[in-house]
Amino acid sequence: MRYSSFFIPSLKEDPKEAVLKSHKLLLRAGYVRQLSGGIYTYLPLGLKSLRKLEDIIRQEMNSEGAVELSMPFVQPLDLWKESGRDEDYGKELLRFKDRQDRDFCLAPTYEEVVTDLVKKNVKSYKELPLTLYQIHLKFRDEMRPRFGLMRAKEFIMKDAYSFDADEEGLDESYKKMKRAYENIFKRLGFDFKFIKAEAGEIGGNYSEELMVFSEYGEDRIVICKDCGYAASIDEADSASDCHGPLERFYAQQSEQSCRQPKMTKLFTPDKKSVEEVAEYLKVDKACFAKTLIYETESGFIAAMVKGNREINERKLKKAAGVKNLFLAKEQDVERITGAPCGFAGPFGLNGLNLIVIDEEINNSEYWITGANEKDAHMANVKPGRDFTPNIVADIRSVQAGDKCARCSGVLTVKNAIELGHIFKLGEKYSSILNAKFLDEKGEARFFVMGCYGIGVGRTLQTLIEVFSDDNGINLPVSVSPFSMAVVSLNANDEKITDVSEKIYGDLTAMGIDVIYDDRKLSAGIKLKDIDLIGIPFKIVVGNRTIKDNKYELNIKESGITETFGDLESLYKRAGELLKNPRV
RNA sequence: CGGGAUGUGGCGCAGUUGGUAGCGCACCUGCUUUGGGAGCAGGGGGUCGCACGUUCAAAUCGUGUCAUCCCGACCA
């Protein structure tokens, strides 16, 4: 492909709307353009890369026996009413009417359509198992699309759906898909891990998320290197500290009164945050139990964790059995505690429904808390004696350095991006939509289903996030838009042009997908552009080539330039690099 | 949907106490250049997001609205 006849609107400067490195590069390198919030055009370069990524996914899906099809992006709302997800999806489901005034929606996912399809066309257990997949658009009217393709409203997904006669069959189909995912992400060169997603979903569903580790991931993952435990920060637990520092201190005292210390008020003028009070009293933050007042749909609740910890609001929601949760407004806190913000403690609270404490708080006897009084804190506060917790649960966020609850290894916390999600659905959709087949005994049974997604656009952007540097995109050859670039440094020079044309023609004849920069621009611009758009190998033809009769092949990943005395050895090397790319 | 920020030529930005818009890059023409975002000369392009208002006069002040981005809530 000649650069001059292709379409690569590259940008010299960072676009102001992008904040993520990969988002900036997608725009700068001319891979995508935003049309509207969360809605993107794939430009020719981005599309080429996307197609190569899709092909890798296809190969691995096909080799596990999945069959590709394509379902409609526009779907009748009736089907969604039938499954009940019309309401579940709420505003994320974009609805509209056709000219007949019938209701339609843009597909946010395809369980309904695929279940309906199989229901109408698969009648016997002999046709099972069956796994269908597609790679195409989904639309979710996200509240806040962001970070380019990472969270878009319209996005490309690979989604697969397995149909089996029973649970054992489902397990087998699920295993195959998991294996396909492992192969796909290994081929892409990612550092990834499957983690169990939220357990105890309706109907005993089981699902795992495929997480790729990246500094800029939106999700946080807790990992134990020793036993391999991995879970999302909202699910992960850690071994709880059995004793607080104060308790250890008092246990060492000989006086009985010291071992059973009473609540004692401390004067803490203007010291509100745990940091401030800890510094003022010269004690460790771990001696504190902080009390936070939350507002929920069923009234106000108090939650307590150790002073050196953060509350995990998802865990708290689950523990308290509420759906909505947010920190109470200042005036509510003052009304409930009778003190300004920063001095809340767990006793004498007005109009409070519930006190939820972290299990670590319950594990120890003596805490420093707020006194519910301006400029005062309370020491030696004992759960059960000085206040009554209603619920004791794990409501703290795991922190790096915590001990693993399983093997007592040290936990680390890493950022990650969710690129895939595999799910055992069971009979959830087949039963709702009454999708049945006949088993060996001639009895009608519901299909046992699984579903398996990969965010394809998001994967492309993650590849760029991981494989790029300051000079531009550094994609592996398996997904780079072109395999090789030929750059003519002076398109006005006849000799240089002749050599460039010849190399371009020869490589193309070898079946190599080459971009040939034949533009009549200055050398610097062309070299910068080629680096930016992410071509792994480039052959530079300039004066040096003509003068010294030396052909240069540059490998982008390593920065190494190899030189060759004749074209045959250049081509041989090019062929080798593409056959066994290190990248 | 709450909080914050920004909207001025294709891109990135400046524009003072209100006086009718400018810079860099890009673009077009010509010449010279061509191994890491070239030089000289000439040129085109903006009803300053939109609407209403204040004013003799609005990019500038006020109100509203829309769009984009960030934080939060949300996310098979």
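Letters A, B, ... mirror the listed sequences (proteins, then strands); counts begin at 1.
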Inset, instruction - Find the partner of G37(B): check Watson-Crick (N1-N3 plus N6-O4 or O6-N4) and G-U wobble (N1-O2, O6-N3) distances, both under 3.5 Å, and reply none if neither fits. - result: none
Legend entry - Atom-to-atom span, CG of L11(A) to C1' of G37(B) - whole angstrom: 13 Å
Inset, instruction - Report which part of the nucleic acid D529(A) touches: base, sugar-phosphate, or nothing (heavy-atom distance under 4.0 Å, all strands). - result: base
Inset, instruction - Please determine, for the side chain of M143(A), which listed nucleotide (A73(B), G37(B), G35(B)) has the closest atom? - result: A73(B)
Inset, instruction - Answer with base, sugar-phosphate or nothing: what part of the nucleic acid does K16(A) contact at a heavy-atom distance below 4.0 Å? - result: sugar-phosphate
Legend entry - C69(B) to C27(B) separation - C1' atoms, rounded to the nearest Å: 28 Å
Legend entry - Sugar-phosphate only, base, or nothing, as touched by E552(A) at under 4.0 Å among non-hydrogen atoms: base
Inset, instruction - Please determine if a side-chain N or O atom of S36(A) lies less than 4.0 Å away from the OP1 or OP2 oxygen of U68(B). - result: yes
Legend entry - Complement of G45(B), any strand, by Watson-Crick or G-U distances under 3.5 angstrom: none
Inset, instruction - Taking atom P in both G18(B) and C74(B), compute the distance separating them and give it to the nearest angstrom. - result: 46 Å
Inset, instruction - Remember a base hit wins even if backbone is also touched, and classify T545(A) as base, sugar-phosphate or nothing at under 4.0 Å, heavy atoms. - result: base
Inset, instruction - Could you measure between the two P atoms, the one in C52(B) and the one in A14(B), and give it in whole Å? - result: 28 Å
Legend entry - Distance below 4.0 Å between R146(A) side-chain N/O and C70(B) OP1 or OP2: no
Legend entry - Integer-rounded Å distance: A26(B) C1' and I8(A) CD1: 17 Å
Inset, instruction - Would you tell me whether Y429(A) and K119(A) have side-chain atoms, one donor and one acceptor, within less than 3.5 Å of each other? - result: no
Inset, instruction - State whether a side-chain donor-acceptor pair under 3.5 Å links S162(A) with Y174(A). - result: no
Legend entry - Of E418(A) and K91(A), the one whose closest RNA chain B nucleotide lies more 5': K91(A)
Inset, instruction - Could you measure between the two P atoms, the one in A38(B) and the one in G24(B), and give it in whole Å? - result: 16 Å
Inset, instruction - In whole angstrom, give the distance that lies between atom NZ of K24(A) and atom C1' of C11(B). - result: 15 Å
Legend entry - Residue N543(A), side-chain heavy atoms: nucleotide from U68(B), C75(B), G35(B) that is nearest: G35(B)
Legend entry - Per K528(A) side chain, nearest of listed nucleotides G12(B), G36(B), G72(B): G36(B)
Inset, instruction - Decide side chain to side chain donor-acceptor pair (under 3.5 Å) for R220(A) and N415(A); before the verdict, give the C-alpha distance in whole Å, the side-chain angles of both, and the deciding distance to 0.1 Å. - result: CA-CA 5 Å; R220(A) 296 180 64 72; N415(A) 289 5; 2.5 Å; yes
Legend entry - Rounded distance in Å - NZ (K520(A)) to C1' (A38(B)): 18 Å
Legend entry - E111(A) or L521(A), whichever maps to the more 5' nucleotide of RNA chain B: L521(A)
Inset, instruction - Answer with base, sugar-phosphate or nothing: what part of the nucleic acid does R85(A) contact at a heavy-atom distance below 4.0 Å? - result: nothing
Legend entry - Side-chain donor-acceptor pair present, S22(A), Q461(A), cut-off under 3.5 Å: yes
Inset, instruction - Would you kindly give the CG-to-P distance between L93(A) and C75(B), to the nearest whole Å? - result: 16 Å
Inset, instruction - Give V540(A) one of three labels, base, sugar-phosphate or nothing, depending on what nucleic acid heavy atoms sit under 4.0 Å from its own. - result: base
Legend entry - G64(B) versus C25(B) - spacing of their C1' atoms, nearest Å: 36 Å
Inset, instruction - Look at all strands and tell whether E17(A) reaches a base, only sugar-phosphate, or nothing, counting heavy atoms closer than 4.0 Å. - result: sugar-phosphate
Inset, instruction - Could you check which nucleotide pairs with U6(B) in any of the strands shown, counting Watson-Crick or G-U wobble with both distances under 3.5 Å? - result: A67(B)
Legend entry - Under 3.5 Å on both distances, the Watson-Crick or G-U partner of U54(B): none
Inset, instruction - Consider only side-chain N and O atoms of K550(A) and T545(A), and report whether a donor and an acceptor are under 3.5 Å apart. - result: no
Inset, instruction - Give K317(A) one of three labels, base, sugar-phosphate or nothing, depending on what nucleic acid heavy atoms sit under 4.0 Å from its own. - result: sugar-phosphate
Inset, instruction - Using the P atoms only, state how far U54(B) lies from U60(B), rounded to an integer number of Å. - result: 15 Å
Inset, instruction - Assign G37(A) to base, sugar-phosphate, or nothing according to its heavy-atom contacts below 4.0 angstrom with the strands shown. - result: sugar-phosphate
Inset, instruction - Can you tell me, in whole Å, how much space there is between the P of C48(B) and that of C1(B)? - result: 28 Å
Legend entry - Residue-phosphate contact under 4.0 Å: R144(A) side-chain N/O, C71(B) OP1/OP2: yes
Legend entry - Heavy-atom check, side chain of Y40(A) versus side chain of L26(A), under 4.5 Å: no
Legend entry - Complement of A26(B), any strand, by Watson-Crick or G-U distances under 3.5 angstrom: none
Legend entry - E218(A) CD - C74(B) P separation (whole Å): 13 Å
Inset, instruction - Could you tell me whether S522(A) contacts a base, only the sugar-phosphate backbone, or nothing, with contacts defined as non-hydrogen atoms closer than 4.0 Å? - result: base
Inset, instruction - Tell me the partner of A73(B), counting only Watson-Crick (N1-N3 plus N6-O4 or O6-N4) or G-U wobble (N1-O2 and O6-N3) with both under 3.5 Å; none if nothing fits. - result: none
Inset, instruction - Between G22(B) and A5(B), how far apart are the P atoms? Round to whole Å, please. - result: 30 Å
Legend entry - Polar pair under 3.5 Å, donor/acceptor by atom type, side chain D531(A), base G36(B): yes
Legend entry - From C11(B), C71(B), U68(B), nucleotide with atom closest to F147(A) side chain: C71(B)
Legend entry - Among K176(A), R179(A), K175(A), the one residue meeting salt bridge (charged side-chain N to carboxylate O under 4.0 Å, His left out) with E64(A): R179(A)
Inset, instruction - Look at the side chain of Q134(A) and the backbone N and O of M71(A), then say whether any donor-acceptor pair between them is shorter than 3.5 Å. - result: yes
Inset, instruction - Send over the distance from D141(A) CG to A73(B) P, rounded to a whole Å. - result: 20 Å
Legend entry - Any R28(A) side-chain N or O less than 4.0 Å from OP1/OP2 of G12(B): no
Inset, instruction - Would you mind reading off the distance between F139(A) atom CZ and C75(B) atom P, rounded to a whole angstrom? - result: 18 Å
Inset, instruction - Spell out, as yes or no, whether a donor-acceptor pair under 3.5 Å connects the side chain of D159(A) to the backbone of C451(A). - result: no
Legend entry - Candidates G35(B), G37(B), U68(B) - which lies nearest the side chain of Q34(A): U68(B)
